[in-house]
Amino acid sequence: MIVCVAVVGHQNNPLYIQSFTEADDALKLHHIVHCSLDVVDERVNNPKKSGPMLNETFLGLLYPIENYKVYGYLTNTKVKFILVSTDLDVKDADVRNFFRRFHAAYVDAVSNPFHVPGKKITSRTFAERVSTIVRSFGLSSAG
C-alpha cells in the first residue's frame with residue numbers, strides 16, 4: 001500500500017506531498033521523503049556506484065526504512081518523484097507503471113497555463129488523479 005507520494009523540485013523544494021495515512025504519520029513520512037533526497041542526489045551524482053544509467057529516469061528502490069520502502073524517479077527537468085510504500089514485496093514493474101502514470105498526471109498539472117513553474121501544485125484535479133493512481137497501485141500491471 002502506498003502511504004505517501006511527493007513531487008520535489010529541482011532545487012529540492014517540495015511541490016506536492018500527499019500522505020494516505022493517519023495525520024500522526026504525516027510528519028514522519030515528510031521526514032522520510034526529505035531524507036530520500038540525499039539518496040537521489042547520490043545516485044545522480046555518482047552513477048558508477050549505483051545501478052541505473054544516466055538516461056534512466058526510474059531510480060528504483062532508494063532505501064528500506066523500518067516498515068517502509070522508498071522508491072524514486074527523476075524527470076528530465078530534474079524534478080523528483082518519491083513513493084513511500086508499506087508493501088515489502090513490490091514488483092519493480094508495478095512501481096515503474098505507477099511512476100509513468102504519476103508523471104503523466106504531473107505533466108498535465110504543470111501544463112496548466114495558470115500554474116506558475118516552481119510553485120506548489122494546488123490543482124484539485126491533480127490531487128484526484130494522484131488518489132486514483134494510488135488506489136489502483138498493484139491491482140494490475142497493465143495500467
Side-chain angles (χ1 to χ4, degrees), residues 1-45 47 50-143:
M1 180 177 117
I2 295 176
V3 292
C4 182
V5 293
V7 178
V8 181
H10 66 279
Q11 296 176 335
N12 289 342
N13 54 321
L15 301 178
Y16 180 82
I17 297 180
Q18 178 65 46
S19 57
F20 300 95
T21 61
E22 300 85 35
D24 298 344
D25 290 343
L27 186 60
K28 179 180 181 178
L29 294 170
H30 287 224
H31 179 72
I32 290 171
V33 166
H34 181 73
C35 291
S36 68
L37 298 178
D38 292 334
V39 180
V40 170
D41 288 341
E42 181 181 320
R43 291 220 181 152
V44 170
N45 294 331
S50 59
M53 301 296 291
L54 281 176
N55 60 356
E56 177 68 42
T57 56
F58 177 64
L59 299 174
L61 177 67
L62 299 178
Y63 64 95
I65 181 171
E66 296 174 13
N67 299 327
Y68 304 110
K69 279 193 170 184
V70 183
Y71 294 89
Y73 182 93
L74 183 70
T75 68
N76 293 333
T77 57
K78 306 298 182 219
V79 173
K80 301 156 199 84
F81 298 155
I82 306 296
L83 162 73
V84 182
S85 173
T86 56
D87 292 335
L88 300 179
D89 58 345
V90 178
K91 296 178 185 149
D92 268 359
D94 289 339
V95 178
R96 283 179 188 266
N97 184 41
F98 169 83
F99 278 129
R100 185 178 49 77
R101 294 174 64 198
F102 190 71
H103 192 179
Y106 169 77
V107 168
D108 288 345
V110 297
S111 296
N112 182 341
F114 298 107
H115 175 73
V116 179
K119 297 292 183 188
K120 289 191 180 250
I121 300 171
T122 57
S123 168
R124 281 182 299 190
T125 305
F126 178 71
E128 291 168 3
R129 276 188 72 183
V130 168
S131 294
T132 302
I133 294 168
V134 166
R135 278 194 306 272
S136 68
F137 177 71
L139 295 180
S140 69
S141 302

Gap between atom CG of Leu59 and atom CD of Glu42 - 0.5 Å precision: 11.5 Å
Using distance only, find each side-chain donor-acceptor pair of residues 26-38 under 3.5 Å and give its atom names and separation, not counting sequence neighbours.
from: Lys28; atom 1: NZ; to: Glu66; atom 2: OE1; distance (Å): 2.7
from: Ser36; atom 1: OG; to: Val33; atom 2: O; distance (Å): 2.5

Kindly list each side-chain donor-acceptor pair under 3.5 angstrom involving residues 120-127, sequence neighbours excluded, with atom names and distances?
from: Ser123; atom 1: OG; to: Thr125; atom 2: N; distance (Å): 3.3
from: Ser123; atom 1: OG; to: Phe126; atom 2: N; distance (Å): 3.1

Parallel under 30°, tilted from 30 to 60°, perpendicular over 60°: which one fits the rings of Tyr73 and Phe99? parallel
Report the distance from atom CZ of Arg129 to atom CG of Asp108, rounding to the nearest 0.5 Å. 4.5 Å
Heavy-atom closest contact (Ser136 atom, Arg101 atom, distance): OG-NH1, 2.9 Å
Are a donor atom and an acceptor atom from the side chains of Thr77 and Thr75 found within less than 3.5 Å of each other? yes
Any non-hydrogen side-chain atom of Asn67 less than 4.5 Å from a side-chain atom of Thr86? no
Treating Lys69 as the side-chain partner and Leu88 as the backbone partner, does any N or O pair qualify as donor plus acceptor under 3.5 Å? yes
Side chain to side chain, Val40 and Ile82, heavy atoms closer than 4.5 Å: yes
Nearest heavy-atom approach of Ser131 to Phe20 is OG-CE2, 3.9 Å
Between Phe137 and Val95, does a side chain to side chain contact (heavy atoms under 4.5 Å, CB included) hold up when you go through it step by step? CA-CA 8 Å; Phe137 177 71; Val95 178; 4.2 Å; yes
Return the minimal non-hydrogen interatomic distance between Ala6 and Ile17, and the atom names on each side. CB-CG1, 3.8 Å
Would you check, one step at a time, whether the test side chain to side chain contact (heavy atoms under 4.5 Å, CB included) holds for Asp25 with Val3? CA-CA 9 Å; Asp25 290 343; Val3 292; over 6 Å; no
ring-ring contact (aromatic ring centres under 6.0 Å, His included) test vs Phe81 passes for just one of Tyr106, Phe98, Tyr71, namely Tyr106
Asp41 vs Asn12, test: side chain to side chain contact (heavy atoms under 4.5 Å, CB included). Steps then yes/no. CA-CA 10 Å; Asp41 288 341; Asn12 289 342; 3.6 Å; yes
List the steps, then state whether side chain to side chain contact (heavy atoms under 4.5 Å, CB included) holds for Leu74 with Arg43. CA-CA 10 Å; Leu74 183 70; Arg43 291 220 181 152; over 6 Å; no
Answer whether the closest heavy-atom distance between the side chains of Pro117 and Val110 falls below 4.5 Å. no
